[in-house]
Amino acid sequence: MTDALHTERLLLTPLTLDHLDDYHRVYSDPRTWQHLPTGRHTSRGQSAQAIERSMQSVRTSGFGHCAVVLRAPVGTLGPGSFVGSAGASMLPFGAWNLGYRLAPEAWGHGIAGEAAALSLRAARRAQPDAAVTARVLANNPASVRVLERLGLDLVWQGASSDAPRGADDTTHLERLVFTDRPVDDDTLQAVIALG
Ligand SMILES: CC(C)(COP(=O)(O)OP(=O)(O)OC[C@H]1O[C@@H](n2cnc3c(N)ncnc32)[C@H](O)[C@@H]1OP(=O)(O)O)[C@@H](O)C(=O)NCCC(=O)NCCS
């Protein structure tokens, strides 16, 4: 992935450790994890590892997660504001995992939908044969709506385990799995198992 992605309002550039402060601000904010409190980053190291995983996805598969920065004012936020991340990472079984997380100040302006659409196109361009998948908690209707508006299809809904298997395990929570194309059962089961 060499080119930045943009719309009139947004600039998406591959995450690097230069984004660590801004990224950690969003990922350590409890409001951005209200649907999954155990996922909150409680240390800068966790955020650094997430960025490094994204950089690895870029190296191996041509795309990863991006910093989402405003090019135009949105609500109270000015141009140049870092508002979160969006992108896709390559899963070990050869499918993309699409995702996004935005600062609360940026919610409700269509930014997730716009950033996710750019990310979907970029993932398909980088690896056209890899299915794009996305997982979302059933209690997160705004995120479900973003995936529906992208045109992804709901292919599974449920919980991948009956009970938590450890303090940080969230496989018992109800999730929805979306894909951009039909996937074989092995791929679907592997996505479900991610929780
Ligand atoms: C979920 C999230 C990405 C949405 O960002 P956003 O920029 O506000 O999303 P958009 O404005 O592009 O679209 C949200 C859609 O959900 C709808 N929506 C918002 N709240 C809703 C609710 N409670 N119930 C149903 N729909 C809702 C909006 O109306 C909009 O749909 P529309 O375009 O048809 O009107 C953002 O709230 C966020 O980052 N949350 C925390 C992290 C997170 O949940 N990430 C996703 C993990 S899978």
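Quick note: residue numbers are just sequence positions, from 1. In listed order, ligands and their atoms are each counted from 1.
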Practice problem: Check whether any N or O atom of Gly108, backbone or side chain, sits under 3.5 Å from an N or O atom of ligand 1, and answer yes or no. | Solution: yes
Quiz item: Are side-chain N/O atoms of Ser47 and His41 paired as donor and acceptor at under 3.5 Å?
Solution: yes
Exercise. List the steps and the verdict of salt bridge (Lys or Arg N to Asp or Glu O under 4.0 Å) for Arg181 and Asp153.
Key: CA-CA 7 Å; Arg181 68 195 75 183; Asp153 295 318; over 6 Å; no
Quiz item: Of the protein's non-hydrogen atoms, which lies at the shortest distance from atom 4 (C) of ligand 1, and what is that distance?
Solution: Ala112 CB, 3.8 Å
Quiz item: Taking the minimum heavy-atom distance to atom 11 (O) of ligand 1, which of Ala103, Ala86, Gly110 ranks first?
Solution: Gly110
Exercise. Give a yes or no answer on whether the side chain of Thr32 reaches the backbone of Val26 with a donor-acceptor pair at less than 3.5 Å.
Key: yes
Quiz item: Does the side chain of Leu20 come within less than 4.5 Å of Asp18's, by heavy atoms?
Solution: no
Quiz item: Gln56 and Arg59: side-chain donor and acceptor closer than 3.5 Å?
Solution: yes
Quiz item: So between Tyr27, Phe178, Tyr100, whose heavy atom ends up nearest atom 46 (C) of ligand 1?
Solution: Tyr100
Practice problem: Could you tell me whether Leu137 approaches ligand 1 through its side chain, its backbone, both or neither, with non-hydrogen atoms closer than 4.0 Å? | Solution: neither
Quiz item: At a non-hydrogen distance cut-off of under 4.0 Å, which region of Val144 contacts ligand 1 (side chain, backbone, both, or neither)?
Solution: neither
Quiz prompt | Residue and atom name of the nearest protein heavy atom (relative to atom 40 (N) of ligand 1), distance in Å to one decimal | solution = Trp107 CZ2, 3.5 Å
Quiz item: Within a radius of less than 6.0 Å around CG of Asp162, do more than 12 heavy atoms belonging to other residues, nucleotides or ligands occur?
Solution: no
Quiz prompt | Backbone N/O of Val83 and side chain of Ser81: donor-acceptor pair under 3.5 Å | solution = no
Quiz item: How far is atom 20 (N) of ligand 1 from its nearest protein heavy atom, and which residue and atom is that?
Solution: Ala142 CB, 3.6 Å
Quiz item: N/O to N/O below 3.5 Å, does that happen between Arg145 and ligand 1?
Solution: yes
Practice problem: Name the closest protein heavy atom to atom 33 (O) of ligand 1, giving the residue it belongs to and the distance to 0.1 Å. | Solution: Arg149 NH1, 2.3 Å
Quiz prompt | Arg31, any N or O under 3.5 Å of ligand 1 N or O | solution = no
Quiz prompt | Arg44 with Asp21: basic N within carboxylate O range, under 4.0 Å | solution = yes
Exercise. For residues Thr133 and Phe178, determine if any side-chain heavy atom of one lies less than 4.5 Å from a side-chain heavy atom of the other.
Key: no
Quiz item: Can Arg135 be said to touch ligand 1, with heavy atoms closer than 4.0 Å?
Solution: yes
Practice problem: Using protein heavy atoms only, decide if any is under 4.0 Å from atom 28 (C) of ligand 1. | Solution: no
Exercise. Note the single closest protein heavy atom to atom 22 (C) of ligand 1, along with its residue, its atom name and the distance in Å.
Key: Pro141 CG, 3.7 Å
Quiz item: For atom 39 (O) of ligand 1, which protein heavy atom lies nearest, and how many Å away is it?
Solution: Leu102 N, 2.8 Å
Quiz prompt | Salt-bridge criterion met for Glu105 and Arg31 (N-O under 4.0 Å) | solution = yes
Quiz item: Short question: side chain of Thr7, backbone of Leu10 - any donor-acceptor pair under 3.5 Å?
Solution: yes
Quiz item: Would you say Val136 has any N or O atom under 3.5 Å from an N or O of ligand 1, going by distance alone?
Solution: no
Quiz item: Which residue holds the protein heavy atom closest to atom 42 (C) of ligand 1, what is that atom called, and what is the gap in Å?
Solution: Arg101 NH1, 3.1 Å
Self-check item: Nearest neighbour in protein (non-hydrogen) for atom 41 (C) of ligand 1
Solution: Thr32 O, 3.4 Å
Quiz item: Does a side-chain N-to-carboxylate-O contact under 4.0 Å join Arg71 and Glu8?
Solution: no
Quiz item: Would you say Gly113 and ligand 1 have an N/O pair spaced under 3.5 Å apart?
Solution: yes
